Amino acid sequence: MDRVGRQSPTVSVILPYKETKGPEAIELYNKSEKSALEWQEALTYDIMAVDDDGLWVHQKFGYSVPRRNGKSEMALARCIWGLKHQERILYTAHRASTAHSIWERLGRLCVKCGIRIVSSFRAFGKEHLYTDDGGVIEFRTRTSTGGLGEGFDLLIIDEAQEYTPEQETALKYVVTDSANPQTILFGTPPTAISAGTVFPNLRKNILQDDSYASGWAEWSVPEQSNPHDVDLWYETNPSLGYILTERTIRSEIGDDVVDFNIQRLGLWIKYNQRSAISRNEWEALQADTMPKLKGKLFAGIKFGSDGQNVALAVAARTTDGKIFCEVIGCRPMRTGVQWITDFLGHADIRKAVVDGKAGTDVLIDAAKEAGVKRPDTVTVPEVIKANTIFDIGMEQGTFQHMAQSAVTQVVTNCDRRKIGTSGLGYKSIKDGADIVLLDCMILAYWICSETKADKKKQHASY
């Protein structure tokens, strides 16, 4: 047989059980145009495990599988079984197109399974299927109020990486009145722009054995890995060799290594679970002595949102494969930006970036007048990505610093903040500690990590 993806999860928490309704659900599903794969069948068995009283062993079950592997098939099998057994089901998704697509597929499956549908409403955002013997499934796009006042036996959360606490507050009680309730959440690990926190928190709690009657399964890598490692493709994509091909995955590899790790290799980035940077974390990244640098410098410039200060930091690659960052200065904006253009003109800068509406235009004009290379402005998605890359660098130890006292004060007194509508950055929680000292380092680290290393190994200086 040709090579196929790993059929068992790389990480799972499954409560003990002796009986499951899974075989009946799979038998119904297999009456359609295709049969469940081995991993889909096994996971359906785990999801639908029952105890001696016929109640669901896992009242809540979450699973994460990289994209395009067929993760929704288990939910479809569960829904078919539920409709046949007169359950009331609420199927929710982040996007209306997802909910509508599942409604269409489930309707076709019901016909093939011999389940008679007496009402099939297709209005976008309000789809439903009603069976002749009392089974009900409603499809909804999630909102902060959707589901309130309604009662169901099964709640399904598709695209769970976008499931927010506000939506959970509105939805989690819809199964409270059921005699045998179950909630199923599935999706992929959150990216830097994913709005949801419920899914990663559920994962954390279950893996820490801190969640009642809950199960979890995932296909993932434990740390950021080489996108070209074919063995990891098979380890994290159970449908590879069935509905996915190596050719397809190879075509997905681009410049964004982090995104490939998340979406194709199932990497869970810990920045989604961190609320601040601790002193121990920061000190662990401190260099004992000034590291040996190679290549040119990269500069990050950040104007504060309050219009008070502007800060400049530089980053450079080290000979041992890390990226060293240091803040050059932080000054009041009223003193001007000549000190920045002077530095950019004298230091061996390969690339500089600037963020902050308060003074970006002034700096660009000053750089042009001084005859130095103008910094590139960054977009909101780039700032979000910069923070993501920085968090990964801290987590994996590729970021390095020399413990400048002012920077340490800011870093060890910061909390999370939203960037745009869904990104994550940092904010200061200490009076007099300006977060621009950290933000400029983040920009410098990001642009250094995103730029290919110099071919000539020359020492960096400034």
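It should be emphasised that the depicted structure is a prediction, and the values quoted were computed from it without experimental measurement.
- Looking at W216 and E218, their side chains do bring a donor and an acceptor atom within 3.5 Å of each other.
- When ring centroids are compared, Y163 and F199 stay outside the 6.0 Å threshold.
- Taking the six-membered ring where tryptophan is involved, the planes of Y91 and F139 are tilted, since the angle between them lies from 30° to 60°.
- Contact between G397 and L285 at its shortest, heavy atoms only, is CA-CD2, 3.8 Å.
- Using bins of under 30°, 30° to 60° and over 60° for the plane-to-plane angle, the ring pair W282/F399 lands in the tilted bin.
- Checking side-chain atoms of D376 against main-chain N and O of K351 turns up no donor-acceptor pair under 3.5 Å.
- Within the 3.5 Å criterion, the main-chain N or O of G70 finds a donor-acceptor partner in the side chain of Q40.
- Side-chain contact of N387 with Y445: a donor-acceptor pair under 3.5 Å is absent, judged by distance alone.
- A donor-acceptor pair under 3.5 Å is absent between the side-chain atoms of N237 and the main chain of L265, judged by distance alone.
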Could you walk me through whether Y63 and D46 pass side chain to side chain donor-acceptor pair (under 3.5 Å), step by step? CA-CA 11 Å; Y63 61 93; D46 292 339; over 6 Å; no
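- Within the 3.5 Å criterion, the main-chain N or O of T379 finds a donor-acceptor partner in the side chain of E382.
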query: Stepwise, does the side chain to side chain donor-acceptor pair (under 3.5 Å) test hold for H58 with Q182?
result: CA-CA 7 Å; H58 303 106; Q182 188 174 45; 5.9 Å; no
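- Annotation: cation-pi geometry not satisfied between R350 and F298 (NZ/CZ under 6.0 angstrom from ring centroid, within 45° of ring axis).
- Taking 4.0 Å as the cut-off between side-chain N and carboxylate O, R67 and E252 do not count as a salt-bridged pair.
- Closest heavy-atom contact between W39 and M74: CZ3-CE, 3.4 Å.
- Side-chain atoms of T341 do not come within 3.5 Å of backbone N or O of A370 as any donor-acceptor pair.
- Taking every heavy atom of both residues into account, L312 and A299 meet most closely at CD1-CB, 4.0 Å.
- When all heavy atoms of P227 and I253 are compared, the pair lying nearest together is O-CD1, 3.5 Å.
- Here the OG1 atom belonging to T188 is positioned 12.0 Å from the CZ atom belonging to R68, to the nearest 0.5 angstrom.
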Q: Assess whether ring pair (Phe, Tyr, Trp, His ring centres under 6.0 Å) is satisfied between W219 and Y234, documenting all intermediate values.
A: CA-CA 10 Å; W219 279 256; Y234 282 94; over 10 Å; no
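- Counting only distance, with no hydrogens or angles, the side chain of T388 and the backbone of I384 share a donor-acceptor pair below 3.5 Å.
- Using a distance-only test at 3.5 Å, with no hydrogens or angles considered, no donor-acceptor pair links the side chain of T164 to the main chain of T197.
- We find that D256 and K385 are joined by a salt bridge, their nearest charged nitrogen and carboxylate oxygen being less than 4.0 Å apart.
- Salt bridge annotation for K294-D320: absent, with no cationic side-chain nitrogen under 4.0 angstrom from a carboxylate oxygen.
- Salt-bridge formation is detected for the pair K302/D355: a Lys NZ or Arg NE/NH1/NH2 atom is positioned less than 4.0 Å from an Asp or Glu carboxylate oxygen.
- Between R416 and K427, the shortest heavy-atom distance links the atoms O-CE, 3.3 Å.
- Across all non-hydrogen atoms, the minimal contact from I137 to C79 is CD1-SG, 3.8 Å.
- Electrostatic pairing of E87 and R78 counts as a salt bridge here, judged by a charged N lying under 4.0 Å from a carboxylate O.
- Side-chain atoms of N69 never come within 3.5 Å of backbone atoms of K71 as a donor-acceptor pair (strictly under, hydrogens ignored).
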